[in-house]
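Numbering of ligands and ligand atoms starts at 1, following listing order. For this chain, numbers begin at 1 and follow the sequence in order.
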Amino acid sequence: MADCDENCSSCDVEGCSDRTGPQELKVHEGTKIDKVIAIASGKGGVGKSLTTSLLACELQRRGKKVGILDGDITGPSIPRSFGLHEPPQGDEDGMILPEESKTGIKVISTNMLIADEGAPFLWRGPVLNGVIQQFYGDINWGELDYLLVDMPPGTGDVPMTVFQSLPVKGVVVATSPQVLVNMIVEKAIRMADHMDVPVVGLVENMSYFECPECGHRSEIFGPSEVEAIAADKKIDAWTRIPIDPKISAMVDEGKAEEIEGDWFKVIADKLETL
Ligand code: ADP
């Protein structure tokens, strides 16, 4: 077909015999990404962004080159957890470069592109999808071992775009104990199944509180179900993160990289096998 750029996902010509269904986006010529991993949650506020940040830190500590695409466009919180507030720079060709955290994690987020970080994003589906595609395809990411995509919560339009147009190798699902046991997580897992992407990790955030005085663990939201649910869903890497005011304070101060804890070791081990 004339004028075909071979990108069926952005083309609305009906009845085209060359159409091949949803296609993966091309990346910028300076970009080489080994594994794209999506971090999803059925619901907001369960610690999906914390999971993305801490998993990135674990991989970075292993000497991997890591980038984070903050796809939670209307509630972006990744830059804040790394203390990044400057707008991204351009390369010599004018392509946008991601910002780098103190330890070299590359980050791109809508929050870095607007002057007022508190302003709401009053954008709807097609614009949101376009932002995801541009963050992936029009940014010079350089060479990355891992690109972690912090997905918007839920199973809507934007997560679908991520699955359809990015070569996602695996999904890590983040939940809290209350959310883990209901249909919300089931939906997130089924969406990944439907898109033929394996769920490679399950995170139970705010799983317990550990007393700083005596070390006693209290499962304040009830007994943990993560191991049983992971077994049932055949997810072999799972982890539990405690609820700890120090974690939220460090995130607020932009010091995610200084949070200590080996909670993501098992999931990072699993990602290395993909
Ligand atoms: P989501 O991305 O799912 O919306 P966030 O990761 O942004 O959730 O977490 C929501 C809020 O809860 C943030 O302020 C974060 O710092 C805080 N938080 C998340 N997990 C923990 C935890 N385990 N302990 C203490 N605070 C947490």
Side-chain angles (χ1 to χ4, degrees), residues 37-58 68-85 101 105 107-112 117-118 120-121 128 132 135 148-156 158-159 162 171-182 184-189 191-192 199 201-212 215 217-222 224-226 238-267:
I37 306 294
I39 321 299
S41 68
K43 193 172 178 290
V46 297
K48 171 181 53 59
S49 302
L50 179 77
T51 293
T52 307
S53 301
L54 296 184
L55 183 56
C57 294
E58 172 68 34
I68 301 178
L69 188 165
D70 189 356
D72 196 350
I73 299 164
T74 54
S77 43
I78 297 291
R80 192 187 51 144
S81 63
F82 289 102
L84 297 171
H85 303 286
S101 73
I105 297 169
V107 178
I108 196 80
S109 168
T110 44
N111 246 14
M112 297 152 122
E117 286 184 17
F121 285 92
L128 298 179
I132 293 280
F135 276 178
L148 305 186
V149 182
D150 191 38
M151 302 258 263
T155 49
V158 178
V162 172
V171 184
V172 174
V173 175
T175 70
S176 63
Q178 302 105 311
V179 175
L180 183 60
V181 289
N182 68 29
I184 299 173
V185 165
E186 176 79 24
K187 279 188 184 163
I189 293 174
M191 179 183 199
V199 177
L202 185 60
V203 178
E204 187 179 65
N205 185 33
M206 309 188 200
S207 182
Y208 56 89
F209 175 74
E210 193 168 284
C211 173
R217 284 186 178 190
S218 307
E219 295 182 311
I220 48 183
F221 299 115
S224 172
E225 303 269 358
V226 66
W238 55 269
T239 192
R240 302 174 67 189
I241 309 177
I243 182 162
D244 182 348
K246 275 196 290 218
I247 294 181
S248 44
M250 305 269 287
V251 167
D252 285 345
E253 289 168 25
K255 294 181 178 163
E257 288 152 306
E258 293 170 39
I259 296 175
E260 285 175 17
D262 57 2
W263 309 299
F264 284 92
K265 198 176 163 304
V266 177
I267 293 180

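Put simply, the side chain of L69 does not reach to within 4.5 Å of the side chain of V162, judged on heavy atoms.
Side-chain N or O atoms of S81 include none that pairs as donor or acceptor with a backbone N or O of A256 at under 3.5 Å. The backbone N or O of V203 lies less than 3.5 Å from a partner atom in the side chain of T175, making a donor-acceptor pair.
Checked options D150, D72, D70; the residue passing with S109 is D70 (criterion: side chain to side chain donor-acceptor pair (under 3.5 Å)).
Every protein residue with a heavy atom nearer than 4.0 Å to ligand 1 is included here: G44, G45, V46, G47, K48, S49, L50, S77, N205, M206, P242, I243, D244, I247, S248, V251.
Note: S224 OG to W238 CH2 = 6.5 Å, rounded to the nearest 0.5 Å.
Listed by chain and number, the residues in a side-chain hydrogen bond (donor to acceptor under 3.5 Å, both in side chains) with D252 are R80 (sequence neighbours excluded).
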